[in-house]
Student: 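Take a look at the following structure, please.
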Amino acid sequence: MLVWLALLLFVLVWASWLFGQIFTGKRKVFVFIAMLLVSSLGTLGIYYFEGAHKELEQTAAMHQQLKDLTLRELADKADQREITMEQLLSELRLRNELEPNNFEKWRELGTIFLRFGEIARAEQAFTRAVSAKPGAETRLEFAQTFMELGTEEGLEYAEKHIKLVLINNPKHEGALLLQGINNFKQKDYQSAVYYWSNLLKQREPGSESYKIIKEQIELAERKLKMEALNHIKVIVDNLDELILTRYKKAFVLVRREQGGPPVAVKSIDISKLDEPLKLSPDNVMLPGVDLWASENVYVEVRLSQSGLAQPEAGDKFGKTEILSTLTPSETFHIEITERVE
């Protein structure tokens with residue numbers, strides 16, 4: 001329909017330019033009406049035979065075949081490749097838009113999206129479910145669902161839901177507990193200690209729940225102490241000379257002198273380059289590789305224009321000299337002066 005309107009406007013503008021100086025009065029009106037009719041019939045013909053009309057017919061026919069199946073039966077058909085993912089998504093959207101306030105359907109839809117790895121679409125479905133049934137418990141249910149995925153994206157969506165609960169109720173015990181767990185999974189131990197400590201204040205000293213939370217806080221504090229030693233720090237010395245707005249991401253890497261894939265790599269937000277950049281064994285690329293046992297390596301910081309880990313022309317970088325080994329808690333100073341050609 002939008003294409004039809006665009007073509008129609010184009011024809012009218014063209015007719016105005018072409019005939020504006022030739023026809024006047026009634027003739028001018030007649031030409032405009034004639035051009036309008038011709039363009040309308042032509043574009044409607046294209047729409048009907050070649051465009052969205054055909055797609056709508058196909059969608060309607062597919063809906064007739066699938067309308068009596070449950071959501072899980074639909075998902076099974078997609079699993080068995082009896083229908084495509086596009087057909088599944090189209091049918092799911094159609095069904096749910098017919099009942100926009102049905103909480104159970106939006107929740108089930110989100111669960112199905114997760115089954116197929118469509119995490120962003122699952123978040124959209126869960127958000128619609130929250131709209132249908134607002135409340136802290138609903139958000140925390142979906143936060144737990146995302147946390148169970150164990151992926152970085154899942155933990156980020158979980159944090160979004162938990163923080164929305166804490167904005168309205170900073171002392172919500174369930175939200176404080178989950179936020180601490182979520183931060184712990186993200187290896188943000190300092191934040192985990194903060195949220196669990198706030199929760200501990202609301203528990204009776206000596207109670208079983210008090211002891212469990214205190215143990216978790218102590219575990220996070222031990223992780224913090226280990227983290228304080230089990231990394232190297234990299235400081236960029238010439239930040240004032242760099243135009244950082246040109247770059248989307250920074251990467252700190254450990255590379256072998258003889259080449260090959262990086263031993264370790266970590267993505268850094270450009271806004272955090274003014275802080276010491278930490279790289280630890282958690283950032284090692286391949287399983288079984290010991291960062292501290294790697295020999296003849298160098299540390300590099302690269303500014304990426306595209307935000308991709310692969311070096312591209314125009315990226316800037318700086319690196320250390322070749323190091324026999326790396327020592328935990330060591331600090332390196334780097335100037336970013338070289339350009340990827």
Side-chain angles (χ1 to χ4, degrees), residues 150-153 155-156 183-193 219-341:
T151 64
E152 183 177 348
E153 188 178 10
L155 295 175
E156 287 175 359
N183 287 140
F184 192 91
K185 285 177 176 284
Q186 293 173 310
K187 297 182 170 34
D188 184 357
Y189 303 117
Q190 187 65 61
S191 294
V193 169
L219 175 60
E221 288 174 339
R222 286 199 297 273
K223 292 281 188 181
L224 268 175
K225 289 178 181 177
M226 290 175 60
E227 193 179 59
L229 299 173
N230 201 35
H231 64 260
I232 58 171
K233 290 181 183 178
V234 182
I235 296 173
V236 179
D237 285 337
N238 65 327
L239 275 183
D240 294 341
E241 301 170 13
L242 302 170
I243 305 175
L244 297 179
T245 53
R246 293 180 178 176
Y247 306 100
K248 291 184 178 179
K249 278 282 184 182
F251 294 90
V252 55
L253 312 97
V254 174
R255 294 186 180 276
R256 292 187 177 91
E257 181 183 16
Q258 66 267 32
V263 176
V265 60
K266 183 177 181 180
S267 171
I268 305 289
D269 288 335
I270 292 294
S271 61
K272 295 183 178 179
L273 280 176
D274 57 347
E275 305 171 6
L277 312 179
K278 296 180 181 180
L279 192 142
S280 74
D282 290 334
N283 307 121
V284 167
M285 289 284 287
L286 299 174
V289 174
D290 186 347
L291 180 63
W292 310 127
S294 299
E295 298 180 346
N296 299 320
V297 296
Y298 61 90
V299 182
E300 176 184 315
V301 177
R302 181 171 57 82
L303 304 181
S304 170
Q305 296 180 107
S306 65
L308 300 176
Q310 187 70 25
E312 296 180 322
D315 290 355
K316 294 199 72 174
F317 68 97
K319 59 185 180 180
T320 65
E321 59 186 13
I322 302 301
L323 309 162
S324 56
T325 58
L326 294 173
T327 304
S329 74
E330 195 170 3
T331 299
F332 298 97
H333 291 262
I334 288 177
E335 290 194 357
I336 298 176
T337 56
E338 300 183 60
R339 182 180 298 274
V340 178
E341 301 296 342

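Bear in mind that the values here come from a model prediction, so they are computed numbers and not experimental data. The chain is numbered in sequence order, starting from 1.
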Student: Could you state the interatomic distance from OG1 (Thr151) to NZ (Lys185), rounded to the nearest 0.5 Å?
Tutor: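 Spacing of OG1 (Thr151) from NZ (Lys185) equals 10.5 Å.
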Student: Give, for atom NZ of Lys316 and atom CD of Glu335, the distance between the pair rounded to the nearest 0.5 Å.
Tutor: 10.5 Å
Student: Mark yes or no for whether Glu241, through its side chain, and Asn238, through its backbone, hold a donor-acceptor pair below 3.5 Å.
Tutor: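 No, the answer is negative, given that no donor and acceptor are paired below the 3.5 Å cut-off.
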Student: How far apart are the C-alpha atoms of Thr245 and Ile270, what are their side-chain angles, what is the distance that settles it, and do they pass the side-chain contact (heavy atoms from CB on, under 4.5 Å) test?
Tutor: CA-CA 8 Å; Thr245 53; Ile270 292 294; over 6 Å; no
Student: Backbone N or O of Ser267 within a donor-acceptor pair of the Lys249 side chain at under 3.5 Å?
Tutor: no
Student: Hey, what do you get for OH (Tyr298) to CD1 (Ile322), rounding to the nearest 0.5 Å?
Tutor: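 Between Tyr298 OH and Ile322 CD1, I get 6.5 Å after rounding to 0.5 Å.
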Student: Would you mind reporting whether Phe317 and Ile334 have side-chain heavy atoms less than 4.5 Å apart?
Tutor: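 No, their side chains stay 4.5 Å or more apart.
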Student: Looking only at heavy atoms, which two atoms of His231 and Ser280 are closest? And how far apart?
Tutor: CB-CB, 3.9 Å
Student: Around atom NZ of Lys233, are there more than 12 heavy atoms from other residues, nucleotides or ligands closer than 6.0 Å?
Tutor: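 Result for NZ/Lys233: open.
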Student: Taking the side chain as C-beta and beyond, is there a heavy-atom pair between Leu326 and Val299 under 4.5 Å?
Tutor: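 Yes, their side chains come closer than 4.5 Å.
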Student: Partners of Asp237 by side chain to side chain donor-acceptor pair (under 3.5 Å), sequence neighbours excluded?
Tutor: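 So Asp237 forms a side chain to side chain donor-acceptor pair (under 3.5 Å) with His333.
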Student: Could you tell me whether Glu152 atom CD has more than 12 heavy atoms of other residues or ligands within 6.0 Å of it?
Tutor: no
Student: Quick one: ring-ring contact (aromatic ring centres under 6.0 Å, His included) partners of Tyr189, sequence neighbours excluded?
Tutor: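 Tyr189: ring-ring contact (aromatic ring centres under 6.0 Å, His included) contacts with Phe184.
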Student: If every non-hydrogen atom of Ser306 is compared with every non-hydrogen atom of Glu312, which pair is closest and at what distance?
Tutor: OG-OE1, 2.6 Å
Student: Do Leu277 and Phe251 have side chains that approach each other closer than 4.5 Å (heavy atoms only, starting at C-beta)?
Tutor: no
Student: Provide the closest heavy-atom pair for Pro261 versus Arg256 in the form atom of the first, atom of the second, distance.
Tutor: O-NH1, 4.1 Å
Student: Return the minimal non-hydrogen interatomic distance between Asn230 and Pro281, and the atom names on each side.
Tutor: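 So the two residues come closest at O-CD, 3.3 Å.
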Student: Does the side chain of Pro328 come within less than 4.5 Å of Leu229's, by heavy atoms?
Tutor: no
Student: Counting distance only, does the side-chain N/O of Asp315 pair as donor-acceptor with the main-chain N or O of Gln305 below 3.5 Å?
Tutor: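 Between the backbone of Gln305 and the side chain of Asp315 there is a qualifying donor-acceptor contact (under 3.5 Å).
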Student: Rounded to the nearest 0.5 Å, what's the gap from CD on Gln190 to CG on Asn183? Could you check?
Tutor: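 With rounding to 0.5 Å, CD (Gln190) is 10.5 Å from CG (Asn183).
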Student: Tell me, do Val234 and Leu279 make a side-chain contact under 4.5 Å, heavy atoms counted?
Tutor: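 No, too far: nothing below the 4.5 Å cut-off.
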Student: Look up atom CD1 in Ile336 and atom CZ in Arg302, then write down how far apart they are to the nearest 0.5 Å.
Tutor: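 Going from the CD1 atom of Ile336 to the CZ atom of Arg302 covers 10.5 Å.
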Student: Please round to the nearest 0.5 Å and tell me the distance separating atom CG of Leu273 and atom OH of Tyr247.
Tutor: 11.0 Å
Student: Return the set of residues passing side chain to side chain donor-acceptor pair (under 3.5 Å) with Asp274 (not counting sequence neighbours), or none when no residue passes.
Tutor: none
